[in-house]
Number of protein chains: 2
Amino acid sequence: MSLPHAILTALLEKPSSGLELTRRFDRSIGYFWSATHQQIYRELGKLEAEGHIRALPSEQPARGQKKSYEVLPAGRAELARWTAASQDPKPHRDPLLLRMRASAVVGTDGIEADLRRHLALHREQLAEYEEIEKRDFPPGRDTPQDRLRHLVLRAGIDLETFWTQWLTHALEEFGELPDTGPA
Amino acid sequence: MSLPHAILTALLEKPSSGLELTRRFDRSIGYFWSATHQQIYRELGKLEAEGHIRALPSEQPARGQKKSYEVLPAGRAELARWTAASQDPKPHRDPLLLRMRASAVVGTDGIEADLRRHLALHREQLAEYEEIEKRDFPPGRDTPQDRLRHLVLRAGIDLETFWTQWLTHALEEFGELPDTGPA
DNA sequence: CCAAACATGTAACGGGTTACATGATTAC
DNA sequence: GTAATCATGTAACCCGTTACATGTTTGG
């Protein structure tokens with residue numbers, strides 16, 4: 001039950017249409033909660049039906065017409081409730097680690113190239129985050145809001161740093177590993 | 001499409017019944033791919049229908065009776081294919097980071113306690129991983145398989161280390177943060 | 001014998017993914 | 001005017017989650 005709350009947060013930061021939300025989910029918010037436009041439209045419908053958001057009065061007939069939403073007090077209250085509620089951490093699910101474990105059984109042929117590809121992708125993402133940090137959080141001015149958002153970005157940076165280091169280490173091991181074909 | 005491959009890996013490491021698999025998914029494999037017994041039974045049925053695994057010949061009538069499976073050559077081939085195939089990294093989805101971002105908008109009331117709880121949980125998990133490392137990967141003896149499995153465990157250790165550090169840092173910030181009520 | 005634990009399932013639901021459909025606006 | 005793009009939506013499928021059902025073995 002996180003998508004509706006991700007949308008409420010985004011709409012509180014700035015009222016938007018479905019497609020604008022989709023674009024924002026490809027950038028900042030999407031860095032730790034992604035969503036496709038289909039999910040977003042479906043969820044916007046639900047949130048409106050529940051009285052958590054409403055369409056800004058311009059009353060277009062619908063299809064093909066831009067429709068912007070804003071958060072209602074009930075929506076803000078629901079978001080505050082959810083944010084403060086205790087939630088158990090969900091177990092990770094990482095296909096790449098699974099493949100590493102599988103390769104210990106069926107052999108490492110072919111996986112090394114993909115490790116390199118992932119390493120390149122994580123390096124790109126890391127560079128992008130660091131660019132954002134430089135641009136949006138220069139030393140000095142920090143409101144409490146800034147500091148919270150910076151913390152979230154730091155999580156992204158540190159996670160990407162971890163992956164680049166781990167993948168580098170893994171590839172070093174592969175260099176020394178005698179080629180294990182299928183057992 | 002990872003669960004069937006997680007099961008194939010587990011069965012190759014050691015033929016097992018559904019419940020035994022469920023227990024192993026609560027331990028080692030579950031550290032990066034969790035699954036409930038319902039998922040596992042559903043998937044075992046599919047894998048058997050596809051000819052990737054078969055029940056070990058003891059031919060019990062079914063309900064309440066233990067039924068063990070082993071991997072067939074077709075299953076091993078499918079696992080090798082999947083392991084070597086290129087896969088895009090899936091975007092993260094982390095509710096806690098989402099809540100941090102939401103708390104920048106609706107206020108931080110209530111979230112601090114949950115951050116402490118998560119910190120304690122990640123510390124526990126980290127200690128457990130380090131225990132496993134000490135027990136299963138003593139310095140010295142390392143077959144290629146050992147080194148691959150150790151790499152996977154290191155990923156778990158480093159990820160938990162990241163989270164404990166990040167949460168500690170976040171809680172320090174909270175100590176200095178003037179209480180931001182709902183804006 | 002009865003309760004607890006073991007062991008295998010079924011059913012319903014919800015969210016995420018993919019493919020497709022359709023109307024409006026803009027650029028050439 | 002027509003092709004590309006913008007914008008909103010529908011439909012189907014798969015997987016993960018939760019609740020429940022049912023039979024078997026073991027311990028007291």
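Below, each value reflects all heavy atoms present in this structure, side chains not excepted, and no hydrogens, waters or symmetry copies. A, B, ... follow the sequence lines: proteins, then strands. Residue 1 opens every chain.
Across dA7(D), dA7(C), dG16(C), the shortest atom-to-atom separation from the side chain of Arg93(B) is found for dG16(C). The side chain of Tyr69(A) lies closest to dG9(D), out of dT17(D), dT18(C), dG9(D). Residue Leu19(A) has its side chain nearest to dA7(D) when only dA7(D), dG9(D), dG16(D) are considered. Comparing dG9(C), dG16(D), dA19(C) against the side chain of Gln38(B) picks out dG9(C) as the nearest.
Between Lys46(A) and dG15(C), a side-chain N or O to OP1/OP2 separation shorter than 4.0 Å is present. Regarding contacts with the backbone of dG9(C), a side-chain N or O of Lys67(B) is found under 4.0 angstrom from either OP1 or OP2. Thr22(A) has no side-chain polar atom (N or O) that falls below the 4.0 Å cut-off from OP1 or OP2 of dA7(D). An OP1 or OP2 oxygen of dT17(D) is reached within less than 4.0 angstrom by a side-chain nitrogen or oxygen of Gln39(B). Taking 4.0 angstrom as the limit, Tyr41(A) places none of its side-chain polar atoms (N or O) nearer than this to OP1 or OP2 of dG9(D). Dashed line: the shortest gap from a side-chain N or O of Lys90(A) to OP1 or OP2 of dG16(D) is not under 4.0 Å.
The interatomic distance linking Ile7(B) (CD1) with dC15(D) (C1') rounds to 12 Å, in whole Å. Rounding to whole angstrom units, NE2 of residue His92(B) and C1' of dG16(C) are separated by 17 Å. Nucleotide dT17(D) holds its C1' atom 14 Å from the CG atom of Asp88(A), rounded to whole Å. Summarising the geometry, the separation between CZ on Phe25(A) and C1' on dT17(C) is reported as 16 Å, rounded to the nearest angstrom. Atom CG in Leu98(A) sits roughly 14 Å away from atom P in dC15(D) (whole-Å rounding). At whole-Å resolution of the value, CE in Met1(A) and C1' in dT18(D) are 15 Å apart. In this structure, Leu44(A) places its CG atom 13 Å from C1' of dA7(D), rounding to the nearest Å. Per the geometry, CG belonging to Leu47(A) stands 14 Å off C1' belonging to dG15(C), to the nearest Å.
Backbone-only contact: Ser17(B) has heavy atoms under 4.0 Å from sugar-phosphate atoms and none from a base. Among the protein residues, Glu43(A) comes within range of no part of the nucleic acid, since none of its heavy atoms lies under 4.0 Å from any strand.
Judged purely by distance below 3.5 Å, without hydrogens or angles, the side chains of Gln87(B) and His118(A) never pair a donor atom with an acceptor atom. Looking at Ser2(B) and Arg93(A), their side chains never bring a donor and an acceptor atom within 3.5 Å of each other.
Judged by distance alone with a 3.5 Å cut-off, a donor-acceptor contact links the side chain of Arg42(B) to the base of dT17(D).
For the pair Gly18(B) and Leu3(A), both in contact range of DNA chain C, the more 5′-proximal nearest nucleotide belongs to Gly18(B).
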Test salt bridge (Lys or Arg N to Asp or Glu O under 4.0 Å) on Arg24(A) and Glu20(A) and set out the steps. CA-CA 6 Å; Arg24(A) 293 171 63 195; Glu20(A) 283 163 356; over 6 Å; no
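Within a 6.0 Å sphere centred on CZ of Arg117(A), other residues, nucleotides and ligands contribute more than 12 heavy atoms.
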Cut-off 3.5 Å, no hydrogens considered: what does the side-chain donor-acceptor table look like for residues 167-174 of chain A, sequence neighbours left out?
from	atom 1	to	atom 2	distance (Å)
Thr168(A)	OG1	Thr164(A)	O	2.6
Glu173(A)	OE1	Arg147(B)	NE	3.0
Glu173(A)	OE1	Arg147(B)	NH2	3.4

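The side chain to side chain contact (heavy atoms under 4.5 Å, CB included) with Arg101(B) is formed by just one residue from the set Leu151(A), Thr83(A), Leu153(A), Ile29(A); it is Ile29(A).
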